[in-house]
K.L.:
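Quick one: the structure is below, and I'll ask about it shortly.
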Amino acid sequence: MSTNRTHTRNGWFITFTKNVHMYCHELTVSKSGKVYSIQCEDLARCSAVGIWPYSLEIDDDEYLDLLEGLREWASNQSFEYRLYTKRGSFESSLP
């Protein structure tokens with residue numbers, strides 16, 4: 001397992017540990033003393049990592065701020081990703 005910790009421009013610390021259990025990864029974000037764990041796993045159909053922050057119970061402003069941090073972080077990783085911003089809707093690095 002490898003851990004990659006990144007400080008994004010809008011203050012989120014993002015910790016990603018690959019393959020904590022088979023195809024599942026540990027993705028933890030924190031800012032201003034708040035810590036959240038985000039569901040994250042490999043997507044077999046498109047060879048990308050799926051990231052599902054939409055189930056977090058946080059207010060809209062904080063959620064939008066988190067999405068900015070996740071976008072910046074994910075775009076700088078060595079893998080393709082799908083960032084699910086709400087149920088059934090995602091942003092992707094795939095063409």
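Excluded from the calculations below are hydrogen atoms, water molecules and symmetry mates; all remaining heavy atoms, backbone and side chain alike, are included.
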K.L.:
Taking side chain to side chain donor-acceptor pair (under 3.5 Å) as the test, write out the residues that go with Trp52, two or more places apart.
P.N.:
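Checked Trp52 against side chain to side chain donor-acceptor pair (under 3.5 Å); zero matches.
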
K.L.:
Is the shortest heavy-atom distance from the side chain of Trp73 to the side chain of Trp12 under 4.5 Å?
P.N.:
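The answer is no; the side chains never approach within 4.5 Å.
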
K.L.:
To the nearest 0.5 Å, how far apart are OH in Tyr84 and OG in Ser55?
P.N.:
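It comes to 13.5 Å.
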
K.L.:
Mind checking what makes salt bridge (Lys or Arg N to Asp or Glu O under 4.0 Å) contact with Glu72, not counting sequence neighbours?
P.N.:
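Partners of Glu72 by the salt bridge (Lys or Arg N to Asp or Glu O under 4.0 Å) criterion, ordered by chain and then number, come out as Arg9.
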
K.L.:
Hydrophobic cluster mates of Met22, side-chain heavy atoms under 4.5 angstrom, ILVMFWY only, any path?
P.N.:
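Members alongside Met22: Tyr23.
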
K.L.:
Tell me whether the count of non-hydrogen atoms from other residues, nucleotides or ligands lying under 6.0 Å of CG in Asp59 goes above 12.
P.N.:
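Atom CG in Asp59 is crowded, with more than 12 foreign heavy atoms closer than 6.0 Å.
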
K.L.:
If the condition is side-chain contact (heavy atoms from CB on, under 4.5 Å), which residues does Ser47 pass it with, not counting sequence neighbours?
P.N.:
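If we apply the side-chain contact (heavy atoms from CB on, under 4.5 Å) test to Ser47, skipping adjacent residues, there are no hits.
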
K.L.:
Check whether any side-chain N or O of Lys31 sits under 3.5 Å from a backbone N or O of Asn10 as a donor-acceptor pair, and report yes or no.
P.N.:
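Here the side-chain-to-backbone pair exists.
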
K.L.:
Does Leu94 sit in a hydrophobic cluster with other residues, and if so which ones, taking ILVMFWY side chains as linked at heavy-atom separations under 4.5 Å, directly or through other members?
P.N.:
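Its cluster partners, ordered by chain and number, are none at all.
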
K.L.:
Only counting residues at least two apart or in another chain, list the ones meeting side-chain contact (heavy atoms from CB on, under 4.5 Å) with Arg45.
P.N.:
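By the side-chain contact (heavy atoms from CB on, under 4.5 Å) rule, Arg45 matches no residue at all.
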
K.L.:
For residues 85-95, which residue pairs pass the side chain to side chain donor-acceptor pair (under 3.5 Å) check, not counting sequence neighbours?
P.N.:
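Listed by first then second residue: Arg71-Glu91, Glu80-Ser93.
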
K.L.:
Apply side-chain contact (heavy atoms from CB on, under 4.5 Å) to Ile14 and Leu27, showing your working.
P.N.:
CA-CA 7 Å; Ile14 300 174; Leu27 180 60; 3.5 Å; yes

K.L.:
Give every residue pair that meets the side chain to side chain donor-acceptor pair (under 3.5 Å) criterion with at least one member in residues 32-43, sequence neighbours excluded.
P.N.:
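Only His25-Asp42, Tyr36-Glu62 qualify under side chain to side chain donor-acceptor pair (under 3.5 Å).
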
